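Comments concern the structure below.
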Amino acid sequence: MTATTDARKLAYIAGQAADARVNVELETEGMTLNIGPQHPATHGTLRIIVRLDGERVIAAEPVMGYMHRGYEKLTEVRTYPQITTLVNRIDWLGSFANEVPFILAAERLMEVEAPPRAQWIRTALFELSRIANVVLFLGDMGVQLGAITPVFFAFRDREFVLNQIEAVTGGRFHPNFDRIGGLKDDLPKGWIDETRGVLDRIRTFCDEMEDLVAGNEIFQARTRGIGVIPADVGLSYGLSGANIRASGVDWDLRRDSEMGLVHRELDWKVWTHPDGDSFARYWVRLQEVREACTIVGQCLDGIPSGPVMAKVPRIIKVPAGEAYVETENPLGIMGYYIVSKGELVPYRVKIRSASFNNVSITPWLLKGVYVPDVISILASLYFILGDIDR
Amino acid sequence: MGLVENGKLPKPLTALLNVSRKYSLWVYQWGLACCAIEMGAAFGSPRYDVMRLGVIPFPASPRQADLVVVSGTVTDKMAPAVKRLYEQMPDPKYVISMGSCANCGGPYWDSYSVTKGVDQIIPVDVYVPGCPPRPEALLEGIVLLQERIRSEDMGERRNGDPIVVS
């Protein structure tokens, strides 16, 4: 082998390498990343297929149905009192709030109204379940971004809220306490004072989270300006709850509609945030827990005396007709559309759950973000799989 | 681990191995539904604190786990993933079925999309009933499983009846 051929070979190789370098810079090979179906960031079993270009997401597709349990079909073979047992388990973190819209819809069909005391206790439990739900989010969001400690705090303080719910309903998780026409039981003795203590504890927890998580520089760097949802896009995807209020839309069914609970008689505030990013969603939820504490506190002061159950026949047959009731649940708007033919069981129940719509924005929202931001955006959207798939 | 599985080890060595396995159970949290939150409370909350029992709930993958807690409703769509998870775990491996849904279908016993019991797919060592079970019930299940591991003969491992927490 002569020197000239050697030189020519080297030049050839160098040219190839240069070409290759140009190619690498111009285009990268696409990659498909499969997140889930079991991933801590998905709160259960959501699967997201993301198509990556380098570290940037070019397409994301949520795959649902891993937790589909057939609620709407099962309700057709359950009597009305049995259905509350089922619908408890839709949004499993704030169980009591799931029963309320269903019971309200059935009450509207039967034309009964719960006595005032029952309505006030309902409101208190409704907001307590909101606290139990969102407190876990406040800690969990830290875990998604690598801070383990907040979730221990969240679990610690959530136990006290669950204790109070258990003291009234007998169920830590799934109370099944709401009845058509009122509540199953009255409050136990001493519950009101104990709950005041728990509310103070939750307020302290909120202060801690504000310092520890929301005030953290790393947390802010990971969430501010990430996953921005403009108000009009959010509304067109049907977002609700804190997700849309974090985009600056001042819309809360507790204040803006006649839900059947006593929120409108109380003095509280709807929080919004103009930014619409992940941080805004965290911040709005943090304030909502504080507001929920205020609401529960006012409920405790104002619970009227009287019976907790209206006169309702022992065997419940709902008259023929249809009713749709939606309430502002911890995750967003939840509604039940009941069609009755006057039998023991409903003819059809359509469930409008908040998380399904909240997740439907992910293909739009995840386009163009980096892989680590996928996790923080999913965490901040805050969905529960039972609420998506039902 | 062929030697251990065939039961060829002398007794003192087996006892030593069993005690070590008992106090270093790595649990993979296969959280599916409501029970996942109660499992989280048992494993992650300061009130229940599973680590005092010698259970480490943070393996990054089923390939590092000795024990899996299947907590929640297993749907027909999820079932292949559960099966695959079990196959990825190294032997000796244990399964705790937590909650009525994983035990037998629970409130969804007549649903068209729910697998009626995870034991149709993978062998189960401990059943923890409840909907959802309290964290204490899960801890009880883990303690009972540890008792079994302590006096276990690897050769006969697969022939025993499952434990039912009551």
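Below, chains carry the letters A, B, ... as their sequence lines are ordered, and counting in each starts from 1. For clarity, every value in this text was computed on a predicted model and none was experimentally measured. The analysis underlying the following values was restricted to heavy atoms, covering all of them including side chains, and did not include hydrogens, waters or symmetry mates.
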Part of A/Arg172 within contact of chain B (heavy atom distance under 4.5 Å): side chain
Could you check if a side-chain atom of B/Lys77 sits within less than 4.5 angstrom of a side-chain atom of A/Arg47, using non-hydrogen atoms only? no
One option among A/Lys73, A/Glu159, A/His174, A/Arg156 has the most heavy-atom pairs under 4.5 Å with chain B, and it is A/Glu159
Is the B/Tyr108-A/His68 ring centre distance short of 6.0 angstrom? no
Spatial distance of atom OG1 (B/Thr73) from atom CG (A/Asp389) [nearest 0.5 Å]: 11.0 Å
If you define the side chain from C-beta out and look only at heavy atoms, does anything of A/Arg89 sit under 4.5 Å from B/Cys131? yes
Which atoms of B/Ala36 are under 4.5 Å from chain A, going by heavy atoms: the side chain, the backbone, both sets, or neither? neither
Between A/Arg78 and B/Asp110, what is the shortest heavy-atom contact and its length? NH1-OD2, 2.9 Å
Check whether more than 12 heavy atoms from other residues, nucleotides or ligands sit under 6.0 Å from atom CZ of B/Arg150, and answer yes or no. no
Is the count of non-hydrogen atoms from other residues, nucleotides or ligands lying under 6.0 Å from B/Tyr112 atom OH greater than 12? yes
Chain B contact via A/Phe173 - side chain, backbone, both or neither, heavy atoms under 4.5 Å: side chain
Heavy-atom closest contact (B/Ser113 atom, A/Gly70 atom, distance): OG-N, 3.8 Å
With a 4.5 angstrom heavy-atom cut-off, could you sort out which part of A/Phe153 is near chain B: side chain, backbone, both or neither? neither
Just verifying a value: how many Å separate B/Cys34 SG and A/Leu385 CG, rounded to the nearest 0.5 Å? 11.0 Å
Minimum heavy-atom distance between B/Leu32 and A/Trp92, given as atom pair plus value: O-CH2, 3.9 Å
Is any residue of residues 46-57 of chain B within less than 4.5 Å of chain A by heavy atoms, and which ones? B/Pro46, B/Arg47, B/Tyr48
With only heavy atoms counted, which part of A/Leu136 is less than 4.5 Å from chain B, the side chain, the backbone, both or neither? side chain
How many angstroms lie between atom CG of A/Leu162 and atom CD of B/Glu38, to the nearest 0.5 angstrom? 7.0 Å
